[in-house]
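Worth knowing before you read on, the calculation uses all heavy atoms, side chains too, and leaves out hydrogens, waters and symmetry mates.
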Amino acid sequence: MPRPLTVIGFLGSTLDAAKFGPSRWQKWRPSVGICMHEDLRVDRFVLLHGERHGRLAEQVVEDIRTVSPETTVEQRTLGFANPWDFEEVYGKLLDFARAFPFEPEQEDYLVHITTGTHVIQICLFLLTEARFLPGRLLQTQPSRGEGLNPAGEWSAIDLDLSRYDSIATRFAAAAAEGSSFLKSGIETRNAAFNRMVDEIERVALRSRAPLLLMGPTGAGKSHLARRVYELKRLKHQVAGPFVEVNCATLRGEGAMSALFGHRKGAFTGAVSDRPGLLRAADTGMLFLDEIGELGLDEQAMILRAIEDKRFLPVGSDKEVTSDFQLIAGTNRDLGAAVAKGAFRDDLYARLNLWTFTLPGLAQRREDIEPNLDYELDRHAQRDGQRVTFNKEARARYLAFATGPEASWPGNFRDLGASVTRMATLAPSARIDQDTVEQEIARLRRLWAPAATDDGLAALLTPDALDTLDPFERVQLAEVVRVCRACRSLSEAGRLLFSASRTRRTSSNDADRLRKYLQRFGLEWAVLAGP
């Protein structure tokens with residue numbers, strides 16, 4: 001047995017009106033027409049109307065009883081001083097919804113949004129979407145085609161969009177588009193990086209709070225910040241420009257002037273007013289790269305500008321305003337900088353709401369191959385020549401690039417430069433194995449100076465380092481490097497014991513490596529990458 005149906009609708013002072021007499025049945029009147037459909041049994045009609053339309057309401061009630069005797073009609077008078085005033089209309093309809101004795105477990109509800117002022121229709125929609133009115137929306141319209149039908153046509157809309165397959169599919173596609181937009185269309189196979197970009201996309205579109213992007217130089221912070229800006233601009237969330245500032249280049253008095261501007265005559269050489277970079281970013285986005293390099297005074301003014309959207313230019317006694325959204329980038333540990341007094345704790349707390357750490361290329365080795373193709377595409381667009389690998393050369397380069405020998409200290413900048421060199425030197429626009437071998441040798445030479453700092457000082461105390469023979473230090477540094485390049489203790493053990501393990505009847509490379517590390521007080525969890 002179907003559940004009782006209640007319709008809640010507002011009287012249409014124009015659409016529902018008609019001269020009394022038989023001619024009124026020759027006109028489509030939405031509120032009356034709802035009760036004339038054979039496929040829509042209305043058990044109760046709650047008719048809302050203003051104080052001035054009581055007589056029309058009585059006529060509509062009488063006509064509903066004529067066409068649908070089984071329908072109970074309840075009149076509710078809502079007195080609006082101005083039915084076009086959004087605040088007043090929404091407030092009174094909300095009061096009605098809160099006081100109405102809804103029983104959604106026992107009966108169904110339809111909310112008619114065809115009649116009433118546009119403001120009333122919008123408010124009914126919002127209250128239904130927010131579930132203050134626990135039902136579906138009801139739309140009515142005159143019949144299409146030939147022949148008079150005073151009942152018109154009706155359709156119900158469920159605001160649970162997950163029930164509409166085509167809409168759900170389009171929303172899913174739109175969400176994927178936003179995520180892939182941030183990745184610039186590059187196929188990313190690293191699961192952790194994919195999850196992080198998906199979260200950045202959601203935060204970027206739902207929040208104006210600052211974003212803090214951490215990670216090593218060359219990990220793509222600047223590129224990602226610009227893509228976030230372009231995504232927000234695409235969604236009409238920013239209108240102004242993208243202003244990028246490398247804070248490491250700002251030094252001394254010039255830093256204040258560059259960021260906050262100055263007034264003419266503020267200091268020697270200030271021959272005219274300067275708006276400053278924060279003013280330039282008004283209604284847009286400001287990217288403060290390497291924010292950890294700013295001085296404490298600049299940090300204090302940046303904090304004020306973030307929180308109050310106001311700041312003082314150099315040499316001015318009058319504040320200016322700038323409403324920008326902020327992304328900050330750094331390759332420093334800002335938490336450690338706060339502990340040392342080099343970074344303000346209040347600014348760090350303000351920036352640390354949404355913090356994302358971009359992994360280096362060495363922690364995303366599965367993404368080297370798709371990025372290899374991306375860099376070749378970039379070279380073709382930049383230089384107008386399509387360069388490709390032959391099969392053997394590509395396999396050799398990827399084996400080196402994804403192996404533990406490749407440290408990629410410059411991350412994606414190193415990869416981009418490497419591909420550019422091979423594409424430039426490739427004979428007949430085809431990268432062959434000789435070109436790859438030359439590039440591998442070049443990378444080994446370029447990365448050799450970085451190897452002189454073995455990184456053990458960050459893992460062992462000075463006393464522990466002093467007890468190591470030079471031979472032990474070199475050996476331990478190599479073990480640490482391999483561990484950091486591998487995904488698991490077992491993988492690192494197989495690489496480090498690749499020769500001796502073939503001579504053992506049974507091998508547990510992970511256990512052997514674990515015991516070796518324990519000799520120096522080291523654990524795999526400390527060395528493993530993200």
Side-chain angles (χ1 to χ4, degrees), residues 2-80 82-84 86 89-90 92-93 96-97 100 107-129 133 135-159 164:
R3 303 199 315 174
L5 175 65
T6 293
V7 171
I8 299 172
F10 216 90
L11 179 72
S13 60
T14 299
L15 291 178
D16 282 331
K19 292 182 179 179
F20 189 80
S23 62
R24 72 182 186 278
W25 300 106
Q26 305 302 314
K27 177 188 176 183
W28 172 69
R29 291 176 292 163
S31 297
V32 177
I34 289 172
C35 301
M36 299 174 68
H37 293 277
E38 294 183 359
D39 57 346
L40 182 65
R41 178 186 173 90
V42 179
D43 298 284
R44 179 170 56 155
F45 196 125
V46 180
L47 185 65
L48 310 176
H49 61 85
E51 294 174 343
R52 294 187 302 164
H53 302 118
R55 185 173 178 181
L56 175 59
E58 290 292 345
Q59 179 182 324
V60 169
V61 169
E62 186 62 31
D63 287 345
I64 290 176
R65 289 172 179 161
T66 299
V67 299
S68 181
E70 67 275 13
T71 301
T72 301
V73 184
E74 298 178 9
Q75 290 181 244
R76 298 290 183 94
T77 302
L78 298 182
F80 298 130
N82 181 2
W84 294 94
F86 186 90
V89 171
Y90 187 88
K92 290 196 174 182
L93 286 174
F96 160 78
F100 193 87
E107 60 180 341
D108 296 322
Y109 300 94
L110 290 177
V111 180
H112 190 210
I113 59 170
T114 302
T115 50
T117 66
H118 294 328
V119 172
I120 290 173
Q121 294 170 11
I122 291 170
C123 290
L124 288 174
F125 174 90
L126 294 174
L127 290 167
T128 304
E129 184 184 40
L133 298 172
R136 295 180 295 164
L137 297 177
L138 173 64
Q139 286 185 308
T140 58
Q141 63 183 26
S143 298
R144 291 169 290 184
E146 298 182 359
L148 175 65
N149 181 3
E153 299 177 0
W154 69 277
S155 60
I157 303 172
D158 194 326
L159 290 179
Y164 298 91

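F45 is not listed as a side-chain neighbour of V61, based on a closest heavy-atom distance of 4.5 Å or more. When side chains are defined from C-beta on, D43 does not count as touching E70, because their heavy atoms never get closer than 4.5 Å. The shortest side-chain heavy-atom distance between I122 and F86 falls under the 4.5 Å cut-off. Considering only heavy atoms from C-beta on, D16 stays 4.5 Å or farther from H53 through its side chain. When side chains are defined from C-beta on, Y109 does not count as touching T128, because their heavy atoms never get closer than 4.5 Å. Taking 4.5 Å as the limit, every side-chain heavy atom of T117 sits out of range of all side-chain heavy atoms of F10. You'll find the side chain of I34 stays beyond 4.5 Å of the side chain of W154, heavy atoms only. The side-chain heavy atoms of E74 and L47, taken from C-beta on, include no pair separated by under 4.5 Å.
The closest side-chain donor-acceptor pair between H112 and T140 falls under 3.5 angstrom.
The minimum heavy-atom distance between S31 and I64, with the atom names listed, is O-CD1, 3.9 Å. Of all the heavy atoms in C123 and V89, the pair that sits closest is SG-CG1, 3.9 Å. Across all non-hydrogen atoms, the minimal contact from M36 to A151 is CB-CB, 3.7 Å. Nearest heavy-atom pair across T71 and C35 is CG2-SG, 4.3 Å. In this structure, G12 and L56 approach most closely via the heavy-atom pair O-CD2, 3.9 Å. Scanning both residues, P83 and V119, for their nearest heavy atoms gives O-CB, 3.8 Å.
To the nearest 0.5 Å, atoms CZ (R136) and OG (S155) are separated by 10.0 Å. Of the inter-residue distances, the one linking R3 atom CZ with L5 atom CG reads 10.0 Å to the nearest 0.5 angstrom. Here L124 contributes atom CG and Y90 contributes atom OH; the two are 10.5 Å apart, rounded to the nearest 0.5 Å. The line from CD of Q75 to CG of L11 is 9.0 Å long, rounded to the nearest 0.5 Å. Summarising the geometry, atom CG belonging to L138 is positioned 6.5 Å from atom CG belonging to L40; distances are rounded to the nearest 0.5 Å. We find the NZ-CG distance between K92 and L78 to be 7.5 Å, quoted to the nearest 0.5 Å.
Judged by distance alone, the side chain of Q121 and the main-chain N or O of T114 form a donor-acceptor pair under 3.5 Å. Distance alone, capped at 3.5 Å, places no donor-acceptor pair between the E51 side chain and the T77 backbone. The backbone N or O of A18 sits less than 3.5 Å from a side-chain atom of Q59, completing a donor-acceptor pair. No donor-acceptor pair closer than 3.5 Å links the side chain of N149 to the backbone N or O of S143.
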Between D63 and W25, does a side chain to side chain contact (heavy atoms under 4.5 Å, CB included) hold up when you go through it step by step? CA-CA 9 Å; D63 287 345; W25 300 106; 3.7 Å; yes
Test V111 against F125 for side chain to side chain contact (heavy atoms under 4.5 Å, CB included), laying out the working first. CA-CA 8 Å; V111 180; F125 174 90; over 6 Å; no
What verdict does the side chain to side chain contact (heavy atoms under 4.5 Å, CB included) test give for V46 and F96, after you've listed the backbone C-alpha separation in whole Å, the side-chain angles of each residue and the deciding distance to 0.1 Å? CA-CA 11 Å; V46 180; F96 160 78; 4.2 Å; yes
Could you check V42 against L110 for side chain to side chain contact (heavy atoms under 4.5 Å, CB included), going step by step and ending with a plain yes or no? CA-CA 10 Å; V42 179; L110 290 177; over 6 Å; no
